[in-house]
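Per chain, numbering begins at 1; letters A, B, ... match sequence-line order. Remember, it's a predicted structure, so these values are computed and weren't measured experimentally.
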Amino acid sequence: MKAVCWQGANKVQVDTVPDPKILNPRDAILKVTSTAICGSDLHIYGGYIPTVQKGDIIGHEFMGEIVEVGSSVNNLKVGDRVVVPSTIGCGNCHYCQRDMWSLCDNSNPNGWMQEKLWGSITSAIYGYSHLLGGYAGAQAEYVRVPFADVGVVKVPKDIPDEKLLFISDAIPTGYMGAELCDIQPGDTVAVWGCGAVGIFAMISAYMMGAERVIAIDRFPERLEMARKYAKADVINYEEVSAGDALKEMTGGRGPDCCLDAVGLEAHGVGFEDFYDQTKQKLKLETDRPHVLREMMVACRKGGTLSVMGVYGGFVDKMPFGALMNKGLTMRAGQMHGQKYMHKLLDLILTEQLDPSFVVTHQLPLEQAPHAYKIFQQKEDNCVKVVLKP
Amino acid sequence: MTLTPQDKQNQDEGNETGRWASLIGGGAMVLMGLRQRSLRGALTAIAGGTLAYKAATDKGGIGEALGMDKTIKVEKTVTINKPADELYRFWRKLDNLPHFMKHLKSVTVIDDKRSHWVANAPMGATVEWDADIIEERENEFISWASVEGADVDNSGFVRFKKAPGDRGTEVKVVMEYAPPGGAVTSAIAKLFGEEPEQQIGDELRRFKMLMEAGEIATTEGQPKGS
């Protein structure tokens, strides 16, 4: 089959590799019909995620059709059309049973690495480094789905892929980010990053009762998408100071909730950005925490920070005094896909949510190298690419 | 009444035994309490085998012969979302162990106490030993030690203890083993890896996966590009 294989920093290629096989009784094999490039794939593409190896198949936002099931999978059959959450959960451990699927104890065969780095083991994620399980990713014609009996949601055949695909990752990530904000009536929610996750977080924030959403980015087309589809007021941080603007727009209080939908490759401005870019390039700092810093200072006293952007390792020069003295609450996590997938499907089937507007590019799988490049460089107004195997 | 030196020794051993029993049953780190003491000796002592304990620690005993300072001691605990009796039953059927202990080729049960172990060593070699169960308490505790003539002298225990609330069962393994001298030494060192605690941690994690998820997560055999 054809698959997108990582070659090194800023290089992927489409290789011919063997088809995946059933390896465990709870596995299924999926014929992939749509597979997106996630913003977090750009961290891998750029070489910022450790333990990705040359030749690894990447990609974790996908859907398709079941073509084979393992001997223990009784609730799926060949031909079922399904969307697959990007985090892999066993369904039986303490965490999965409490709907915290991305904290699954049992899906990561390389747990020892995480235990050393983070002190505990978290769930595996498709195609997202050996640290996170080393599973072959889904930017391929076929993919193996472990724990398929609990790890997929069946979807109707008469709805186009573009309406359903993002149940896999971008929508639940945004939704959970909003949920972590614990939004109260009258709240203003500021969201850094107007990619797919950020925009779904804004839409979710309104669903959860937010009074107002403010979107922060530097690309006009993304800010326009946030304004048009998520009813957000927008700040272009290259034109004005985001911190100053947020204060002025919230009566001097600061936003009640701040949500990071950017993660470890944040761009700042001026000296701070130079500092982080340099430290990251010299490997003195793995992550660029510009958004985290800005959120801590911008947030109102007693407010909540919700971190959905991906971080992998260490950050530097955090204004921790702001967090402590202002009594902020910080919440974070990879999304618990299996917790949200049925609810989100319901929102789509009842036409309360149509996420297909985020797709700016549909390309054949073979054009993955081009797709990664335009997505990384934000060329051609690229917000979201869907690859078609 | 004055204590004879023999009385004194018996009393000390009695105290030691009690302290050990509570250490193994409690929530502290066992190896901290073990310090320079041999695990084999302590396990034998709490099983009530004072003479065997003396044999193991007196001059010329097994411990001395192996040079206890060369032994490797590891301790690792994992919490498993299953009741203790279910976990105990699986473990006590010793021929189940190779299902999750990757380096074991086979465990053959000889009788109620004795079993024969074969482990893979690098380059197709194997190492073998017989082990006896020293003490077992149903659903709680199993201790074992290899008998004379083992390629790898080893002893240890596994303890199953209910975790607080509804958190399942805490499974603790404490092991001590002595890589023998000669040609096998390097093979054994590799066999157990450079970090024995990681190895035991991996075994316990696979045990947990098997018990909770019904299968052991793997990526061996999946496709990869060039």
Side-chain angles (χ1 to χ4, degrees), chain A residues 1-7 12-27 53-58 70 72 88-98 104-113 115-116 121 123-124 130 133-136 140 142-144 146-147 149-150, chain B residues 29 74-84 86-87 90 99-103 160-173 190 192-226:
Chain A
M1 66 166 184
K2 296 255 186 284
V4 178
C5 299
W6 189 77
Q7 296 297 305
V12 295
Q13 72 185 32
V14 178
D15 272 352
T16 300
V17 303
D19 287 352
K21 296 190 296 274
I22 298 271
L23 300 178
N24 263 334
R26 297 175 64 188
D27 289 354
Q53 294 170 6
K54 186 172 183 295
D56 282 352
I57 303 169
I58 56 179
S72 297
I88 303 171
C90 77
N92 298 348
C93 69
H94 179 87
Y95 293 95
C96 287
Q97 289 195 339
R98 281 153 190 78
C104 176
D105 277 336
N106 293 322
S107 59
N108 187 343
N110 302 328
W112 64 272
M113 288 190 214
E115 203 161 47
K116 277 197 164 41
I121 297 162
S123 84
H130 291 261
Y135 288 92
Y142 296 91
V143 64
R144 168 183 163 241
F147 304 118
D149 54 335
V150 295
Chain B
M29 182 147 182
V74 292
E75 173 170 6
K76 200 81 185 174
T77 309
V78 68
T79 299
I80 302 184
N81 196 22
K82 288 281 177 187
E86 194 176 321
L87 303 176
F90 190 90
H99 286 309
F100 63 88
M101 293 192 173
K102 257 186 174 169
H103 69 282
F160 306 87
K161 185 185 176 197
K162 189 180 177 316
D166 54 358
R167 288 166 178 78
T169 304
E170 295 172 6
V171 181
K172 179 188 285 288
V173 170
K190 276 183 198 159
F192 284 96
E194 298 213 328
E195 292 185 75
E197 268 180 32
Q198 184 190 316
Q199 166 126 13
I200 300 297
D202 283 347
E203 313 274 28
L204 275 176
R205 256 197 303 282
R206 283 194 291 272
F207 179 52
K208 177 181 163 72
M209 287 173 178
L210 192 58
M211 292 293 98
E212 290 183 355
E215 61 186 42
I216 296 170
T218 185
T219 57
E220 282 172 35
Q222 71 175 11
K224 184 176 164 66
S226 49

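In this structure, chain B has a heavy atom under 4.5 Å from the side chain of A/Ile121, while its backbone stays farther away. Heavy atoms closer than 4.5 Å to chain B are found nowhere in A/Ala3, neither backbone nor side chain. With a 4.5 Å cut-off on non-hydrogen atoms, A/Lys54 touches chain B through its backbone and its side chain both. Only the backbone of A/Asn108 has a heavy atom closer than 4.5 Å to any heavy atom of chain B. Contact of B/Arg206 with chain A is not made at all, since no heavy-atom distance falls under 4.5 Å. Interface residue A/Gln53: backbone and side-chain heavy atoms are both found under 4.5 Å from chain B. Interface remark: B/Ile216 contributes backbone atoms only to the contact with chain A (heavy atom separation under 4.5 Å).
B/Gln222 places no side-chain N or O within donor-acceptor distance of the main-chain N or O of A/Asp19, the cut-off being under 3.5 Å. Not one N or O on the side chain of B/Gln198 forms a donor-acceptor pair closer than 3.5 Å with the backbone of A/Trp112. Checking side-chain atoms of B/Lys224 against main-chain N and O of A/Val17 turns up no donor-acceptor pair under 3.5 Å. With A/Arg26 contributing its side chain and B/Ala213 its backbone, the two residues share a donor-acceptor pair below 3.5 Å.
The closest side-chain heavy-atom distance from B/Thr79 to A/His94 is not below 4.5 Å. Contact annotation: the side chain of B/Thr218 approaches that of A/Asn24 to within less than 4.5 Å [non-hydrogen atoms, C-beta and beyond]. Side chains of B/Asp166 and A/Arg98 form a contact here, defined as non-hydrogen atoms less than 4.5 Å apart. Inter-residue side-chain proximity for B/Glu220 and A/Leu23 is flagged as unmet; no heavy-atom pair is nearer than 4.5 Å. B/Thr219 is not listed as a side-chain neighbour of A/His130, based on a closest heavy-atom distance of 4.5 Å or more.
Contact tally against chain B (heavy-atom pairs below 4.5 Å) for A/Pro20, A/Ala140, A/Cys90: the top residue is A/Pro20. For the options A/Tyr142, A/Phe147, A/Tyr135, heavy-atom pairs under 4.5 Å to chain B are most numerous at A/Tyr135.
Heavy-atom contacts from other residues, nucleotides or ligands closer than 6.0 Å to NZ of B/Lys162 number more than 12. Other residues, nucleotides and ligands place no more than 12 heavy atoms under 6.0 Å from the OH atom of A/Tyr95.
Taking CG of A/Asn110 as the start and CZ of B/Arg205 as the end, the distance is 9.5 Å to the nearest 0.5 Å.
The only option from A/Asp15, A/Thr16, A/Ile57 that meets the side-chain contact (heavy atoms from CB on, under 4.5 Å) definition with B/Pro223 turns out to be A/Ile57.
Among all heavy-atom pairs drawn from B/Glu212 and A/Asn92, the shortest one is O-ND2, 2.6 Å. Here the shortest heavy-atom pairing between B/Ala217 and A/Ser107 reads CB-O, 3.7 Å.
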